[in-house]
S.K.: 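The following block contains the structure, expressed as structure tokens.
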Amino acid sequence: MEQQQQQTPSLDDCLKLLKGERDEQRLAGLLLVTKFCNGDDLVSLRKVYNAVGVHFLDRLLRTGTGKGSVSGGDNRDMYLQLSVTVLAAFCRVPDIAASKEMVSKIPLILEIMPEVSGSPVLEECYEFLYLVTTSYEDGATAFYESGGMKVLASQMSSLPDGSHMMELAMKIVQSILSRLSQDVVTNTYVSELSMMVATVARQFALLHTSLKFEALHLLSEIFSSKYSKPLCDALCAMAGNKWPDHMRAGIVAILQNRVEPAEKLHALILAESVISIMGEGWLLGQPNLPDLPDSIPTDRCFLLVLESARVEVAVLLNDLAYLKYEASKDTSTTVETILLKQRNVAIAFSLVERVIKLTSTMDEVEGSVIGERTLIKVINGLNETINVVLEYLEDAKEHGQKKGNDLLASVRVVGSYLAETPNTCKEKVRELLDYMLTIEGEDEPSPFHSVSFLLPMMCQITMDIEGCEALISSGGYKAVAECLVKLIGPRGNMVGDDGCTFLACDTVLNLLLKKEQMRFRMDESTFIDLLKAIGYWAGNANDLSVIIMASSICALIFDYTSEEALLNHPNFDNSSLHNLYKIIARSLASCKQDMSDIVREETDLLEIVTSGFTRWAHRFPRLPRLREAVESA
């Protein structure tokens, strides 16, 4: 109370000076303001602001920058320091910071910042910009339109690590990205944003203060945006920059310490983003950072990301199962929570898939940095996680759930692992195979992606009788045939790569080649659809490998039928049959006319065609005539 009584006269004296008629009095009043006015005393700041007036502040700032009508002379630097200091102080009052008068000063502040680098006034400039851009959307817009991103990008890398100015600069960037569309910011200032990301990554790696988490949140927000691809391309092109090493060091620090689960999730988001730019090998790199006191073992990031992703998968799938099957389903909160957890588990799944991909190639790399014991630990961990995912799918099956992006993502990660180790969790996979092949994403009208995710595994297991029998008993062969029709048929609206198409073809071939041993007969509707799609795909193809693959499948299906039966089918016409004849004839002709590398590589498939022709040619009387015409052409 006594202290307040001592300050009151000083404030009154200050206000009298500020209301004086001469500039000298107002300057003296402002100097008093800087000495006694507490930045948290918003009431006093408001009184002082009202007393000094907007026009005087504007004149003072322009004089300090050399743009005023009166030269500042030897006192110009003092006027600049004083004006920016009091402006920053006034902007601690939110409605003053959001005023048009303050927003209008942003371009001038940005203009002087490069000139005052290394001066105490620079920090006041950052303080002013932070308060104005975060108080009102117009402030962020004015900053952006005045080239503020270029100024920040040019200065951030030279700001002291962990300094108050660095903190303010990061908060300004966060404000701009939250108030304006990152699409606009990225397209216009992608180079500047990439420079800022590199600087923030350094803070993320080196600091051990709360600013480390601010850096983490900012980086996570930037990379989580759907508009981040141009930024990722720009970062990839930054040759020699240490931002990937800084990212790795920061992520390792978060994942290996006791922090909130939400912070670890942010770190995993970053890890996934960096891998998408640098490739899976980034997980095994060793940071070359002299500023870090302790070196990080080469496999530390790899193991921490895997273990953290595994924990996230287990926790999130457990939460999702509870929310979907036990909690109240009618509240908007529950729906939002489910969507958030589905997005998060997709990130964890993606990281598990990255580890699977990296682990599968380790045998191919000489001098692998992962020892045998570590590799066994990784494989055991992956086995456990795949079991957890299968249990989640089993739970969904019991509750009659077949549609959902979380279910589709679960099938994808299972398919990725089974592509490398098709006999993992063999019994449980076979039990769930028919169910997994019926799962659809939220926007899918029918199953397609679930089948394509499991194709590598199905192709491998159908190389033996037991696997074929498992696929047939589950009805999986129909799912594979339908998937192939969607990929290559006239009504197919699915886009897949050639690898997916040939995997489906190989799986169908594996089944058909063992049809006698298993007494397997493909039902008529399935092979009719398949034949029409094959004719459409290869009828006018120039790629000999496509023609030979298509004709080998036709040759095995023709064992089931005849020319007469096909033409009598209501869904099959003469043009469809002609396409198939043309494919088979071209394939047979290639045996005699073409000794290219493709023909030599496809000898086994051509043998299927030639042996099939001898079995059923009498049932397809028009085919021999077409063959002769093709061979003589």
Side-chain angles (χ1 to χ4, degrees), residues 177 182 197 201 204 213 215-229 231-232 235 244 247-248 250-256 259-283 301-324 335-359 378 381-382 384-386 388-389 392-393 396 404-417 439 441-443 449-450 453:
L177 294 178
Q182 189 168 329
V197 166
F204 180 45
F213 293 97
L216 169 62
H217 299 159
L218 177 55
L219 292 168
S220 175
E221 180 182 342
I222 290 172
F223 283 109
S224 296
S225 168
K226 62 181 179 180
Y227 303 114
S228 63
K229 188 181 184 310
L231 171 64
C232 294
L235 286 168
M247 286 285 207
R248 188 189 296 108
I251 289 167
V252 166
I254 295 295
L255 296 182
Q256 71 182 0
V259 298
E260 292 294 322
E263 308 296 359
K264 291 197 173 187
L265 183 59
H266 281 300
L268 292 179
I269 291 172
L270 278 191
E272 164 58 24
S273 299
V274 179
I275 294 170
S276 69
I277 300 171
M278 305 302 298
E280 288 78 11
W282 170 84
L283 285 167
C301 185
F302 172 71
L303 294 173
L304 283 171
V305 167
L306 172 59
E307 192 56 34
S308 300
R310 290 183 58 240
V311 170
E312 288 295 328
V313 167
V315 171
L316 289 167
L317 290 185
N318 184 63
D319 291 348
L320 280 170
Y322 171 77
L323 289 167
K324 290 170 71 173
V335 173
E336 290 173 5
T337 304
I338 288 175
L339 289 174
L340 176 61
K341 290 185 181 293
Q342 285 178 335
R343 286 195 295 269
N344 292 341
V345 81
I347 293 165
F349 276 158
S350 179
L351 286 168
V352 171
E353 288 186 67
R354 301 281 195 180
V355 170
I356 292 169
K357 183 178 178 180
L358 183 59
T359 305
V378 169
L382 289 171
E384 289 177 13
T385 296
I386 296 304
V388 169
V389 178
Y392 180 70
L393 289 170
N405 291 339
D406 56 320
L407 299 179
L408 187 61
S410 298
V411 173
R412 174 171 171 157
V413 74
V414 168
S416 294
Y417 195 49
I439 286 175
E442 290 292 348
D443 300 324
H449 288 104
S450 58
F453 293 153

S.K.: Roughly how far, to the nearest 0.5 Å, is OG of Ser224 from CD of Glu272?
M.R.: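 Nearest 0.5 Å value for the CD-OG distance: 10.5 Å.
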S.K.: Any chance CZ of Arg310 has more than 12 other-residue heavy atoms, nucleotides or ligands included, within less than 6.0 Å?
M.R.: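 Atom CZ in Arg310 is crowded, with more than 12 foreign heavy atoms closer than 6.0 Å.
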S.K.: Taking atom CG of Leu255 and atom CG of Leu270, what is their separation to the nearest 0.5 Å?
M.R.: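 One gets 10.0 Å once the value is rounded to the nearest 0.5 Å.
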S.K.: Can you tell me how far apart CG (Leu306) and OG1 (Thr385) are? Round to the nearest 0.5 Å.
M.R.: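 Spacing of CG (Leu306) from OG1 (Thr385) equals 6.5 Å.
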S.K.: Are Phe223 and Leu235 side-chain neighbours, meaning at least one heavy-atom pair lies under 4.5 Å?
M.R.: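 The answer is yes, as the side chains (C-beta and beyond) meet within the 4.5 Å cut-off.
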S.K.: Would you say the side chain of Tyr392 lies within less than 4.5 Å of the side chain of Asn318, judging by non-hydrogen atoms?
M.R.: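 Sidechains of Tyr392 and Asn318: no contact.
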S.K.: Can His266 and Glu221 be counted as having a side-chain donor-acceptor contact under 3.5 angstrom?
M.R.: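 His266 vs Glu221: no donor-acceptor pair found between side chains.
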S.K.: So which heavy atom on Val413 is nearest to which on Ile386, and how close?
M.R.: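 Heavy-atom minimum between the residues: O-CD1, 3.9 Å.
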S.K.: To the nearest 0.5 Å, what is the distance between CG on Leu317 and CD on Gln342?
M.R.: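 Atom-to-atom, Leu317:CG and Gln342:CD are 10.5 Å apart.
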S.K.: What distance do Asn344 atom CG and Leu265 atom CG have between them, rounded to the nearest 0.5 Å?
M.R.: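 Answer for the CG-CG pair, Asn344 versus Leu265, is 4.5 Å.
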S.K.: Return the NE2 to CD1 distance between His449 and Ile439, rounded to the nearest 0.5 Å.
M.R.: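 If I round to the nearest 0.5 Å, the distance is 14.0 Å.
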S.K.: What pair of heavy atoms forms the shortest contact from Val388 to Ala314, and how long is it?
M.R.: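 Reported closest heavy-atom pair: CG1-CA, 4.2 Å.
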S.K.: Mind listing the closest non-hydrogen atom pair of Phe204 and Ile251 along with its distance?
M.R.: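 Heavy atoms of Phe204 and Ile251 come nearest at CE2-N, 3.5 Å.
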